[in-house]
Amino acid sequence: MGLIDEVIKGNPRAAARVMRLIEDGVPEAREALKRLYPYTGKAYIIGITGPPGAGKSSLVDRLVEEFRKQGKKVGVVAIDPTSPFSGGAILGDRIRMQRHSTDPEVFIKSLATRGHLGGLSKAADDVIQVMDAMGKDIIMVETVGVGQAEVDIVKTADTTMVVTVPGLGDDIQAIKAGILEIADLFVVNKGDKPEADKTVRELEVMLDMSPPREDGWKPPILKVSAIKGEGIGELMEALQGHRKFLETSGRFESYRKDRVAHSFENLLKDKLFYMVMSKLKENGTYEKLLEDMFTKRKDPYSVIDKLRCQCILDLENN
Amino acid sequence: MGGTERKVKILVAKPGLDGHDRGAKVVARALRDAGFEVIYTGLHQSLDQIVHAAMEEDVDAIGISILSGAHMYVFPTLINMLREEGLDDIVVFGGGIIPTDDIPELEKAGVKKIFLPGTPLEEIIEWVKENVKPRTVSL
Ligand code: B12
Ligand SMILES: Nc1nc2c(ncn2[C@@H]2O[C@H](COP(=O)(O)OP(=O)(O)OP(=O)(O)O)[C@@H](O)[C@H]2O)c(=O)[nH]1
Ligand SMILES: [Mg+2]
C-alpha cells in the first residue's frame, strides 16, 4: 500500500526502495510493477551510448541542467559493468553529475549490468518504469561504454544519442559496425579539442555513404563540449527535432507499441522457461536428460522436439 | 521469474575539502573485487549530497574516507541527518587519519567501525561481509 502510493506521488525514497526490489529480483518487485504499470508511458526516454570515457555522464549532466531550466522533472539511469570475475562493480557515473545530486526533482540511479549483455542491465527497463510512474518527464539512460554489439538501448529509448570523441583512431570504424544504425543523433563530444572537426567530417562522409534509413530520418551530427558547455543549446534543439519527427510521423506511437510487444515477449519467454524447467526438474528428470545428452544417448534437438507442454492457456481472466 | 540475487551496495564517499582520495579508491576497488556493488561519488561531497546519494542508490552502508581531521564533525552530523531522513538502518563506517582516542566517541555516535592506516584490505572485506547485509524492503 504505502510504498506504491508514495512512488506515484513522486516520493524518491519510496521509488529507491522499489527499484532495489527490482534490481535484486525479489518476488514483491512484480507486485510493485503490476501496480505501477497504469501510471507509466508518459516519460520521454533518451538513450546515451558511446565508447568508455567519451563524456556520456558529463553530457547527461549538461542535459539535466537544460531540462531543469525548462521545469522538467528528470530521471537518470546510469549503467556500469559488473566485473565478470568478482560479480562486484564500481559505479562512478555520479561523479560527473554532482551538480544535480541534491535537486529533489532529479533522480539519479546507478545500475550494474550484473552479467546482462547488451549495454543495459536486466533491471533497467523496470527501473525506468518506476521513474516514469513517479512522474519524471524526461528519463536519460546512459549505457555502459559500448563496443559494437551492445545496442539494447534502441529498444528502450525514444531517441538514441551516440557519443563519440576525436582521437580514438579506429573508433569511427568501430562505430560503423553496428552503432551507426542505432543513432538518431550523433554527438562529437570534446569539441574543445582541435581534432574534433576532423571527426565531424569523417562522420559526415560515412553518413553520406550509408543508405538512407527506412524511416526517412537523417541523423544530425553535433559538435559539443560537455566540459565547456558549448553546443548544448543546439543539441537540445536536435533532440527536440527528433521528438517532433517521431510525433508527426506517427512513429512515436508505433515504436511504443513495439516496445509493449517486446517486453511482453520477454516476460513470456521467462515464464515459459520457468514453467518448463520447474516441470523438468521434478523427480530428477532434468539431470537424467543432461546425463543422456552428455553420453550421446540422446541429442538435445530431439529432446526439445519431443517436449509436449500441457500448457493451459487461461486467457479468460485476462 | 528470474532468480533473486540480493547484493550488498555500499556508497564510498569523500566529504568536504579533503583531497586525499587514494584510500577511498583502494578500498572501493577492494570491495568491488570482493563482489560488492560500490557507488563512488568522487571528491568534495557535502553531507547533503552523501545522504541524497545513499537514499537514491538505496545503499546498505556508507563508507566515509576522511584524512582531513574533520571526522568529529562529519560522522555524528551525517548519522543525525540519516536518522532525520529515516535512513538509520544504513551502516556507517570508514577510515583515514583518525586518532585512536576519538574512536570511542565516534562509536558512541553510531559509527560501526573505523579502520586506521595500514589496515589490510582483507580485514576490511571480512568486516563488511560480517556486518553489512542487504536492507529489508517491503511493499
Ligand atoms: C599521499 C598523501 C597526500 C597526497 C594525496 C594524493 C591523493 N590523491 O590521495 C597529496 C600530496 C596531494 C597530499 C596533500 C596534502 N596532505 Co597529505 N598525505 C598523504 C599521505 C603521505 C599518505 C595518504 C595515503 O594516500 N595513504 C595510502 C592510503 C591507501 O591509506 P589511507 O587513506 O590511510 O587508507 C587506509 C585506511 O586509513 C583505511 N581507510 C581510508 N579510507 C577509508 C574508507 C573506508 C570506507 C574504509 C572502510 C577504510 C578506509 O583503509 C585504507 C587501507 O588500509 C598521508 C600520511 C599518511 N601516512 O597517511 C598525508 C597526510 C594525510 N596529509 C596531510 C596533510 C596535512 C596534507 C596537506 C594539507 C598538506 C599541505 N599542507 O599542503 C595537503 C592537503 C590536500 C587536500 N586537498 O586535502 C596530513 C593530514 C593531517 C591531519 N589530518 O591531521 C597527513 C596525515 C600527513 C601528516 N602526517 O601530517 N597528501
Ligand atoms: N576535453 C574534454 N574532456 C571531457 C569532455 N567531456 C568529458 N570530458 C572528460 O572525459 C572524461 C570522461 O568523462 P565521463 O563523462 O565520465 O565519460 P563517460 O562516457 O561517462 O565514461 P564511462 O561512463 O566511464 O564510459 C572525464 O575526465 C571528463 O572530464 C569535453 O567536452 N572535453
Ligand atoms: Mg559515465
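So that the names make sense, note that chain A is the first sequence line, chain B the second, and so on, each numbered from 1.
When heavy atoms are compared at a cutoff of 4.5 Å, B:L87 approaches chain A solely by way of its side chain, counted from C-beta outward. For a residue to count as touching a neighbouring chain, one of its non-hydrogen atoms must lie under 4.5 Å from one of that chain's; by this rule A:F107 touches chain B with backbone and side chain alike. Heavy atoms closer than 4.5 Å to chain A are found in the backbone of B:F36, but not in its side chain. For A:L21, the part lying under 4.5 angstrom from a heavy atom of chain B is the side chain only. With a 4.5 Å cut-off on non-hydrogen atoms, A:V106 touches chain B through its backbone but not through its side chain.
By the 4.0 Å N-to-carboxylate-O rule, B:E107 lies too far from B:K113 to be salt-bridged with it. Under the 4.0 Å criterion applied to side-chain N and carboxylate O atoms, B:D21 and B:K14 are not assigned as salt-bridge partners.
A donor and an acceptor atom, one from each side chain of A:D93 and A:S57, are located under 3.5 Å apart. Between the side chains of B:Q49 and A:T102, no donor-acceptor pair is found at a separation under 3.5 Å. Remark: the A:D125 side chain and the A:T156 side chain contain an N/O donor-acceptor pair separated by less than 3.5 Å.
Highest contact tally toward chain A, considering only B:G86, B:A34, B:P134, is held by B:G86 [criterion: heavy-atom pairs under 4.5 Å]. When the candidates A:R96, A:E28, A:R13 are compared by the number of heavy-atom contacts under 4.5 Å with chain B, A:R13 comes out ahead. Note on B:E85, B:E37, B:Q45: by heavy-atom pairs under 4.5 Å with chain A, the leading option is B:E37.
A cation-pi arrangement is not found for A:K271 relative to A:F273, the charged atom failing to lie both closer than 6.0 Å to the ring centre and inside a 45° cone about the ring normal.
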